[in-house]
Amino acid sequence: MTEKTITMAYTIREGDGLTGLTERYGITKQDLISVNPQGISFTPGDEVRIPVRWRICPHGLLYPLKRGDTLSAVAARFGMTLFELLSINPCLAPWDCTPGRVIIIHHKGAQESG
C-alpha cells in the first residue's frame, strides 16, 4: 500500500473561507494556494482543488468514514453512485456509516498532484 498526495474537487459553500478549509482538511494555506495557481474565489458554487494525502490500494483510495458521513454523500463527493460504492465494498451495508470504518472509493474526482 502506498501513500500519495492527490487533489480533490471541492465546491465552495456559503460561509467557506481560507482558514475554515485549511482547518477542515488539515492542510496549510500554502498547500491550498499551491494547487490552485489560478487563485481561489470563495464565491458559493466555485470549485477549488484540495490537496489530500491518501492511502492507495489496487482497487482505489482508502477513505475513513467521519462522523456525519452518509454513504450516498461520500459516493457523490467522489463522482460515484451509491451502487458503485457498494459494489466495490461488498461487505458494506448501505446504512453502515460507522465513523473510522475504512472503505474503498474510486477516485474519479481526484487527480494526482506533484
Side-chain angles (χ1 to χ4, degrees):
M1 191 151 347
T2 60
E3 279 196 17
K4 293 194 179 213
T5 298
I6 61 169
T7 62
M8 69 175 201
Y10 177 83
T11 302
I12 298 294
R13 295 181 233 160
E14 188 69 39
D16 279 340
L18 186 60
T19 301
L21 286 179
T22 58
E23 289 175 357
R24 181 179 311 148
Y25 290 99
I27 58 176
T28 67
K29 292 176 183 178
Q30 187 55 43
D31 290 337
L32 186 61
I33 292 167
S34 71
V35 297
N36 292 281
Q38 75 287 358
I40 302 171
S41 166
F42 288 99
T43 304
D46 284 354
E47 189 175 278
V48 297
R49 304 300 299 177
I50 305 287
V52 184
R53 296 263 324 145
W54 287 93
R55 291 180 294 159
I56 311 285
C57 75
H59 302 289
L61 306 173
L62 299 180
Y63 177 82
L65 292 170
K66 298 174 181 69
R67 194 174 94 217
D69 275 344
T70 64
L71 295 181
S72 58
V74 170
R77 186 178 314 144
F78 292 96
M80 301 171 62
T81 65
L82 179 58
F83 178 78
E84 289 172 318
L85 181 68
L86 293 172
S87 71
I88 61 172
N89 292 277
C91 295
L92 186 64
W95 57 85
D96 188 0
C97 293
T98 307
R101 179 167 186 163
V102 177
I103 62 172
I104 298 171
I105 59 168
H106 287 300
H107 46 88
K108 295 177 185 176
Q111 301 172 350
E112 286 188 34
S113 67

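For the salt bridge (Lys or Arg N to Asp or Glu O under 4.0 Å) condition, the pairs that include at least one residue of residues 57-71, sequence neighbours left out, are Asp69-Arg77.
Applying the side-chain contact (heavy atoms from CB on, under 4.5 Å) test to Ile104 and every residue at least two apart in sequence or in another chain returns Cys57, His59, Leu62, Ile88, Asn89. For Ser41, the side-chain contact (heavy atoms from CB on, under 4.5 Å) test picks out Thr43, Asp46, with sequence neighbours left out. Residues satisfying the salt bridge (Lys or Arg N to Asp or Glu O under 4.0 Å) test with Asp96, not counting sequence neighbours, are Arg101. Checked against side-chain contact (heavy atoms from CB on, under 4.5 Å), Thr70 has the following partners two or more places apart in sequence or in another chain: Ser72, Ala73. Under the salt bridge (Lys or Arg N to Asp or Glu O under 4.0 Å) criterion, Asp16 pairs with Arg24, sequence neighbours left out. Considering only residues two or more places apart in sequence or on other chains, Thr11 meets the side-chain hydrogen bond (donor to acceptor under 3.5 Å, both in side chains) condition with none of them. Listed by chain and number, the residues in a side-chain hydrogen bond (donor to acceptor under 3.5 Å, both in side chains) with Thr28 are Asp31 (sequence neighbours excluded).
Between the CG atom of Leu86 and the SG atom of Cys91 there is a distance of 11.5 Å, given to the nearest 0.5 Å. Here OG1 of Thr22 is found 12.0 Å from CD of Gln30. Values are rounded to the nearest 0.5 Å. Taken from CD1 in Ile105 to CG in Leu71, the straight-line distance is 11.5 Å, to the nearest 0.5 Å. Atom CG of Leu32 is separated from atom CD1 of Ile40 by 3.5 Å, given to the nearest 0.5 angstrom.
Here the side chains of Leu18 and Phe42 are in contact, with some heavy-atom distance below 4.5 Å. A heavy-atom distance below 4.5 Å is not found between the side chains of Leu21 and Ile27. You'll find the side chain of Ile50 stays beyond 4.5 Å of the side chain of Val35, heavy atoms only.
Annotation for Leu65 and Thr98: closest pair CB-O, 3.7 Å, computed over non-hydrogen atoms.
No more than 12 heavy atoms of other residues, nucleotides or ligands shown are found within 6.0 angstrom of CD on Glu14.
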